[in-house]
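On a predicted model such as this, the values are computed, not experimentally measured, just so you know.
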Amino acid sequence: MKTIEVVAAIIQNGNKIFATQRGYGDFKDWWEFPGGKMEKGETPEDALVREIKEELSADIHVGKLLHTVEWDYPKFHLTMHCFMCSLLRDALHLNEHEAARWLDMSSIHSVKWLPADEILLPMIEKEIALFQ
């Protein structure tokens with residue numbers, strides 16, 4: 001099975017996280033954390049800064065690695081390095097996604113998450129609770 005290695009930004013603003021809705025592919029309309037594929041020679045952190053700039057026209061601070069997800073989708077195996085992040089400026093623009101939302105912990109389960117992203121939710125809830 002083919003393996004795809006990606007990075008994902010869990011962008012936090014206070015007690016909210018930023019979620020994006022896919023506008024294409026087999027999982028169109030499902031929700032995910034923004035990010036994308038790593039390029040050869042890139043660190044996960046560098047890839048994440050580049051991907052968020054491309055997808056959201058935003059600059060981020062990459063914080064700690066929350067978790068590396070290993071997930072088998074029907075057509076490929078996913079390795080996804082997920083980092084807690086914050087915006088350096090409040091400007092975000094959707095260049096690739098269909099929609100986006102800031103979700104607080106009471107609404108974090110209100111969207112249809114991709115399976116690999118959904119398993120992060122309990123970890124994110126714990127992380128956010130540390131800041132309250």
Please assess F33 against M80 for the test side-chain contact (heavy atoms from CB on, under 4.5 Å), listing each intermediate value before the final yes or no.
CA-CA 11 Å; F33 296 106; M80 180 170 65; 5.9 Å; no
Worked verdict on L56 versus I11 for side-chain contact (heavy atoms from CB on, under 4.5 Å)
CA-CA 12 Å; L56 301 171; I11 302 172; 4.2 Å; yes
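- By the rule that hydrophobic residues join a cluster once side-chain heavy atoms approach within less than 4.5 Å of another member, M38 and F76 end up as members of separate clusters.
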Pair L87, D59 - check side-chain contact (heavy atoms from CB on, under 4.5 Å), show working.
CA-CA 6 Å; L87 292 173; D59 294 314; over 6 Å; no
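- The structure places CD of E51 at 5.0 Å from CD of E54, a figure rounded to the nearest 0.5 Å.
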Please report the C-alpha distance between L114 and W71 in whole Å, then the side-chain angles of each, then the deciding distance to 0.1 Å, and finally whether the side-chain contact (heavy atoms from CB on, under 4.5 Å) criterion is met.
CA-CA 11 Å; L114 285 168; W71 191 266; over 6 Å; no
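- Judged by distance alone, with hydrogens and angles left aside, the side-chain atoms of D104 form no donor-acceptor pair with the main-chain N or O of N15 at under 3.5 Å.
- Side-chain heavy atoms closer than 4.5 Å link hydrophobic residues (I, L, V, M, F, W, Y) into clusters, and following such links, possibly through other members, connects F18 to V49.
- The nearest pair of heavy atoms linking G63 to F83 is O-CD2, 3.5 Å.
- Rounded to the nearest 0.5 Å, atoms CD (E127) and CD1 (I10) are 8.5 Å apart.
- Of the inter-residue distances, the one linking W30 atom CH2 with Q21 atom CD reads 12.0 Å to the nearest 0.5 angstrom.
- Remark: the backbone N or O of E96 is not paired with any side-chain donor or acceptor of Y24 at under 3.5 angstrom.
- Nearest heavy-atom pair, G35 versus I52, reported as atom, atom and distance to 0.1 Å: N-CD1, 4.1 Å.
- At distances below 3.5 Å, at least one donor-acceptor pair connects side-chain atoms of Q12 with backbone N or O atoms of G14.
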